[in-house]
2 protein chains.
Amino acid sequence: MPVTTNDVRPDTVQLDDIDKKLLRMLGENARRTNNSMATELGIAPSTCLARVNSLRESGVIRRFTLDVDPERIGRSLQALIFVRIRPGARHTMSTFSEEIRVQQGVTQLFFLGGTDDFVLHLAVRDSNDVRQFVLDHLSANPAVASTQTSLVFDHLPGGPWV
Amino acid sequence: MPVTTNDVRPDTVQLDDIDKKLLRMLGENARRTNNSMATELGIAPSTCLARVNSLRESGVIRRFTLDVDPERIGRSLQALIFVRIRPGARHTMSTFSEEIRVQQGVTQLFFLGGTDDFVLHLAVRDSNDVRQFVLDHLSANPAVASTQTSLVFDHLPGGPWV
DNA sequence: AGTGAAACTGTGAGGCT
DNA sequence: AGCCTCACAGTTTCACT
């Protein structure tokens with residue numbers, strides 16, 4: 001009898017209670033010192049360090065990054081832009097989206113199933129910037145069938161991952 | 001003649017070239033050492049530290065946080081859920097959304113202008129979890145007029161902020 | 001605002017249980 | 001897997017410019 005594929009994906013990491021607490025602590029403050037976390041968890045600093053390194057190496061932690069307030073840097077306007085690609089141009093999507101992704105003001109990109117092909121989260125100065133962005137990077141591209149822009153009044157992070 | 005409101009919002013911080021480079025460096029790796037950044041920028045470590053502290057105090061940097069790979073912790077399925085609130089229940093939106101925001105699997109929440117009132121980004125294990133989430137937290141709530149779920153095939157970060 | 005020096009704190013490797 | 005020790009690296013304060 002052949003070995004069957006397991007229920008759990010092979011690259012899924014099992015997290016114990018300590019791992020989860022570490023992820024929560026570092027999610028709140030990625031610069032928390034190893035010592036303070038070890039103390040709070042009641043484990044040795046070296047153990048704590050090994051845990052964090054292991055979370056990095058296993059790819060659970062992709063990177064340590066920043067949460068920047070767009071308003072404070074003059075990007076007071078956020079928008080979600082829903083984009084449909086022409087059916088005949090689907091094969092260009094990954095090239096196209098990569099160009100879009102790195103444009104000034106693009107904070108994230110979702111590839112979607114359903115009627116829209118992707119959603120773009122934009123943080124810019126004002127509505128002129130949105131218009132300009134759509135004109136320059138979307139409408140101008142023959143692969144784009146249509147776009148629909150919704151203003152974002154507020155953008156909040158979710159709860160902890162674990 | 002009365003002083004008129006300035007073009008630039010009062011809480012907007014002007015960033016010089018050093019600040020922008022720091023934001024880019026820390027965005028890539030929020031744990032970069034102060035020393036290495038100072039060296040790369042050609043400034044003294046103490047100066048560098050003062051800059052980063054000032055970016056924190058001014059609110060440009062909200063927090064140092066983590067980029068967690070949802071797949072590695074068994075959340076292989078992502079979805080965007082578009083929610084409409086009944087016109088008569090708009091006043092309950094902020095209470096309601098705060099309850100939603102902290103639920104397991106909710107990674108972010110957008111408040112929207114236009115036909116949909118908000119969008120929820122969910123990272124869960126499978127489609128059952130999505131169905132359960134919608135049932136438990138959305139459909140069950142009388143304030144919700146309708147929901148529409150789109151699967152997310154891929155989710156990519158944008159380019160640097162500055 | 002930026003600097004240099006010095007005191008302090010935290011990190012991470014090695015060997016051990 | 002977890003823990004202890006310790007040399008080293010990094011941080012942070014402060015007086016000065």
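Chain identifiers are assigned alphabetically (A, B, ...) following the order of the sequence lines, protein sequences preceding nucleic acid strands; residue numbering begins at 1 within each chain.
A side-chain donor-acceptor contact under 3.5 Å links B:Arg32 and B:Ser36.
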What does the list of N/O pairs under 3.5 Å between the protein and nucleotides 15-17 of chain C look like, with a distance for each?
none

So which protein nitrogen or oxygen atoms get under 3.5 Å of nucleotides 8-14 of chain D's nitrogens or oxygens?
residue: D:dT11; atom: OP1; partner: B:Asn34; partner atom: N; Å: 3.2
residue: D:dT11; atom: OP2; partner: B:Asn34; partner atom: N; Å: 2.9
residue: D:dT11; atom: OP2; partner: B:Asn35; partner atom: N; Å: 3.0

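Residue pairs meeting the ring pair (Phe, Tyr, Trp, His ring centres under 6.0 Å) criterion with at least one partner in residues 122-151 of chain A, sequence neighbours excluded, are A:Phe133-A:His137. Sorted pairs that involve residues 23-69 of chain B and meet ring pair (Phe, Tyr, Trp, His ring centres under 6.0 Å), not counting sequence neighbours, are lacking altogether. Judged as a side chain to side chain donor-acceptor pair (under 3.5 Å), the pairs with a partner in residues 146-162 of chain A (not counting sequence neighbours) are, in order, A:Gln148-A:Ser150, A:His155-B:Gln108. Among residues at least two apart or in separate chains, there is no ring pair (Phe, Tyr, Trp, His ring centres under 6.0 Å) pair with a member in residues 38-62 of chain A.
For C:dA1, the OP1/OP2 oxygens have no side-chain nitrogen or oxygen of B:Thr47 closer than 4.0 Å. Residue B:Arg51 places at least one side-chain N or O closer than 4.0 Å to OP1 or OP2 of C:dG2.
At least one donor-acceptor pair under 3.5 Å links the side chain of B:Ser58 to the backbone N or O of B:Ser54.
Partners of B:Asp16 by side-chain hydrogen bond (donor to acceptor under 3.5 Å, both in side chains), not counting sequence neighbours, listed by chain and number: B:Arg51. Partners of A:Asp116 by salt bridge (Lys or Arg N to Asp or Glu O under 4.0 Å), not counting sequence neighbours, listed by chain and number: A:Arg84. Taking the side-chain hydrogen bond (donor to acceptor under 3.5 Å, both in side chains) definition, one finds that A:Arg75 meets it with A:Gln104, sequence neighbours left out.
Taking atom CG on A:Asp17 and atom P on D:dA1, their separation rounds to 17 Å, with Å as the unit. With rounding to whole Å, A:Ile43 atom CD1 is found 7 Å from D:dC3 atom P. Between the CG atom of A:Asp16 and the C1' atom of D:dA1 there is a distance of 11 Å, rounded to whole Å.
The hydrophobic cluster analysis finds A:Leu49 isolated: no Ile, Leu, Val, Met, Phe, Trp or Tyr side chain comes under 4.5 Å of it, directly or through other members. Within the hydrophobic cluster formed by Ile, Leu, Val, Met, Phe, Trp and Tyr side chains joined at under 4.5 Å, directly or through other members, A:Val152 is accompanied by A:Leu80, A:Phe82, A:Phe110, A:Leu112, A:Val119, B:Leu80, B:Phe82, B:Phe110, B:Leu112, B:Val119, B:Val152.
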## Note on the structure
Base-pair string, DNA chain D, Watson-Crick plus G-U, cut-off 3.5 Å on both distances, | for inter-strand, is ||||||||||||||||.

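Glycosidic conformation of C:dA1: syn, with the torsion inside 90° of 0.
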